[in-house]
Amino acid sequence: MEILNIDDEYLTRKQASQILTKGLVIVIPLTILIIALTYTNFMLLGILIIFEIFIMDSMIDGMVDKIDNNLLKQQISFFGEIRHAYHEFNMVEEAIYQTAQDNELEVSRQAEILISDDPEMELEKYYDIAPNSYLKEFAGISYLTKEYGDRKQNGASLYLKNLNNITQEMQLEILKRDKLDYVFQSLSVISIVPMLFLETIKNWSVDQFSFTKSFYMGKQGMIVQILVIVLTFICYTLTRKLKDNGSVNTKTQNTENPWQEKLYRKKPIKKFVDLFMPKEGTKDYRKQKELLKDAASPLKLSWVYVNRIVLFIVVFIASIIIMVYLHKLQVDYIYTEPTSNYDLMGDMGEADEQRAIERTKVDNVFLDKFRGNLKTTQNDILKAMKRSKYYEGATDETLATDAERIYGKLQTINGEYLKWFEILIGLVFGLIGYAFPILLLIFQKKMRQMEMENEVMQFQTIILMLMRIERVNVEMILEWLERYANIFKEPISKCVNNYEAGAWEALEQLKEDISYQDMIRIVESLQAAVEKIPIVEAFDELDTERDYYQAKRKESNDRLISNKGLIGKGIGFAPMVCMFVGYLIAPLVFIGLTSMSSSFSTMSSM
């Protein structure tokens, strides 16, 4: 928000307060309603709160994206007005200044830069805070035209032609964002909606098929619920990363003193984190740093390792707590579940249910008596039953059957404690959490690689604008490419730094640092422009085949959106598929077949 409204604190505060107010108007009543309706069911309460947080996160990002998209559309209108003003004044700074007087837009900042005492210094400052690359291009082209003058190309102004190129780039970007928004408009919601149906599916299955009650009310059902929730969180995060259309610049985040840095500054924590970090200069260190650059992450390597260690600790502790809770849940289920043999035909009648509850209370008496004694045998229980008042006059068959049932319950209860292998499972989950930040960076890197063709085509547009301007050389072109690069920023920056030591050698190193063929062709053309031919001749195909490149750019964007859409649908629908298959269909089929087999065995033995 602050970047989008440079030097306008009032507008920034106003827009931020509007977004927060809309969010709070929804969040506060909804939270109160959720707590009031579900305070007795902590699982459902947690699911609804998580769902609410995800929805609010999507809404806030959507509102910020909308503001940024509106800025792009305003820029197109602004550039159109500049064209008319330039025809009238034939001076860049005067045209921008006059247009800025009639428009209360962020782009009026351009006029202040060009009419300042030191426009070059102001321009460099503006490059660091500009809301998007198109305003940077416009400011740079306007400055070069003011300094070196405009030229006529085929009877038309080169400045206006470049302005038209920037406008076409913005139009393509707007179309790309609109298509991405359309493809992903419901995937984020689809990925989190399955959480809401977990309790509904459980209640419906138990009501319709009572033989599934032991699954849904026991720890097996809770494990599947937790897995669906975790999968939902992962898929929601990946879907958001995949949809990212570049409208919100991640570099605008505050990276000066985040909580990771505050933790890392503490000496004991720093020493502990450094034990896990690869040592500077090692192969692993270079590999990790390269991954951060390839993923365009604003994080430092030390912050990444703070995240990894914190995630490991949190996930491990959460896993142990959940396992302890699952054991308690299973014990509580055995103590409270009416004791009866269910079949496929439905629930018990009221009288049968009351007898089953009484039978459970009697069983609990013996369970309390022998609970914790691992040496207890079925015969010990049988002797205690014969001495109790609950089985006075009972037949030997009844005693044997009930003793077997109670012994089975006792075995289950005595086995419900935290075991050593469960601690190992917690460690495995902790290691998965430890690996998650790196896996997320790898995912971001893969998604960025899909954007390579789009970035190279942006480079072609920049070169097309610069190549006919007076006094523009290869070094200046490289500086411009570095300024607007994202995926190729690191190798281009390295080339710019080494350029003074040898232009040809620096460009040759750039070719070795990249593998994308279209980018290599641009570098080869720059090499030709260094020693052999003028820049205009080196890139003459960009001008003569402009229509082809525009059509190719559109096709590339469509292909990119299609690929992202396919991946997004696979990720977005994964929680729903997991919920229906793992939480509804599989339990019904498996438990149903098991119950049917048990019923047939009972009938055969009669």
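FYI, the numbering just counts along the sequence from 1. In what follows, every heavy atom counts, from backbone to side chain, and hydrogens, waters and symmetry copies are set aside.
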[X] side chain near [Y] side chain, heavy-atom distance below 4.5 Å:
| X | Y | result |
| --- | --- | --- |
| Ile469 | Ile141 | yes |
| Glu137 | Asn165 | no |
| Gln74 | Ser77 | no |
| Val496 | Leu481 | no |
| Phe443 | Leu242 | yes |
| Ile50 | Thr232 | no |
| Val530 | Tyr499 | yes |
| Ser319 | Val315 | yes |

Provide the closest heavy-atom pair for [X] versus [Y] in the form atom of the first, atom of the second, distance.
| X | Y | result |
| --- | --- | --- |
| Asp513 | Pro491 | CB-CB, 3.9 Å |
| Phe459 | Ala485 | CZ-CB, 3.7 Å |
| Val92 | Tyr159 | CG1-OH, 3.7 Å |
| Lys554 | Leu172 | CG-CD2, 3.4 Å |
| Leu292 | Val304 | CD2-CG2, 3.7 Å |
| Gly582 | Val224 | O-CG1, 3.7 Å |

Salt bridge present between [X] and [Y] (N-O < 4.0 angstrom):
| X | Y | value |
| --- | --- | --- |
| Lys202 | Glu199 | yes |
| Arg177 | Asp68 | yes |
| Lys179 | Asp558 | yes |
| Glu482 | Lys489 | no |
| Asp284 | Lys287 | no |

Fit a plane to each ring of [X] and [Y], take the angle between them on a 0 to 90° scale, and name the class: parallel (under 30°), tilted (30 to 60°) or perpendicular (over 60°).
| X | Y | value |
| --- | --- | --- |
| Phe312 | Tyr434 | perpendicular |
| Tyr127 | Tyr484 | perpendicular |
| Phe436 | Phe233 | tilted |

Enter the distance from [X]:[atom1] to [Y]:[atom2] here, rounded to the nearest 0.5 Å.
| X | Y | atom1 | atom2 | value |
| --- | --- | --- | --- | --- |
| Asn563 | Ile567 | CG | CD1 | 6.5 Å |
| Phe79 | Arg83 | CZ | CZ | 11.5 Å |
| Ile522 | Ile477 | CD1 | CD1 | 10.5 Å |
| Glu169 | Ile76 | CD | CD1 | 11.5 Å |
| Glu261 | Leu299 | CD | CG | 11.5 Å |
| Tyr236 | Met195 | OH | CE | 10.0 Å |

Derivation and outcome, side chain to side chain contact (heavy atoms under 4.5 Å, CB included), residues Ile229 and Leu198: CA-CA 9 Å; Ile229 293 171; Leu198 289 172; 4.1 Å; yes

Does the [X] side chain pair with the main chain of [Y], one donor and one acceptor, at a distance under 3.5 Å?
| X | Y | answer |
| --- | --- | --- |
| Arg151 | Ser157 | no |
| Asn70 | Lys66 | yes |
| Ser191 | Ser188 | yes |
| Ser556 | Lys552 | no |
| Glu455 | Asn486 | yes |
| Asn498 | Ala506 | no |
| Gln444 | Lys241 | no |
| Tyr86 | Ile96 | no |
| Thr461 | Met457 | yes |
| Tyr216 | Tyr583 | yes |

Cation over ring face, Arg308 and Tyr305, 6.0 Å, 45°: yes

Residue pair Ile223, Leu227: steps toward the side chain to side chain contact (heavy atoms under 4.5 Å, CB included) verdict: CA-CA 6 Å; Ile223 289 171; Leu227 290 177; 4.1 Å; yes

Between the side chains of [X] and [Y], is a donor N or O closer than 3.5 angstrom to an acceptor N or O?
| X | Y | result |
| --- | --- | --- |
| Gln75 | Tyr134 | no |
| Glu508 | Gln527 | yes |
| Asn307 | Gln260 | yes |

Can you confirm whether Phe429 is buried at CZ, in the sense that more than 12 heavy atoms of other residues, nucleotides or ligands lie under 6.0 Å from that atom? no

State whether the number of non-hydrogen atoms from other residues, nucleotides or ligands found under 6.0 Å of Lys511 atom NZ is greater than 12. yes

Strictly under 6.0 Å, is that where the ring centroids of Phe580 and Phe197 end up? no

Please assess Leu466 against Leu144 for the test side chain to side chain contact (heavy atoms under 4.5 Å, CB included), listing each intermediate value before the final yes or no. CA-CA 9 Å; Leu466 293 175; Leu144 291 177; 3.7 Å; yes

Glu490/Lys494 under salt bridge (Lys or Arg N to Asp or Glu O under 4.0 Å): CA gap, chis, key distance, verdict: CA-CA 6 Å; Glu490 186 63 26; Lys494 182 179 176 182; over 6 Å; no

Side chain to side chain contact (heavy atoms under 4.5 Å, CB included) assessment of Asn557 paired with Leu175: CA-CA 9 Å; Asn557 281 344; Leu175 287 174; over 6 Å; no

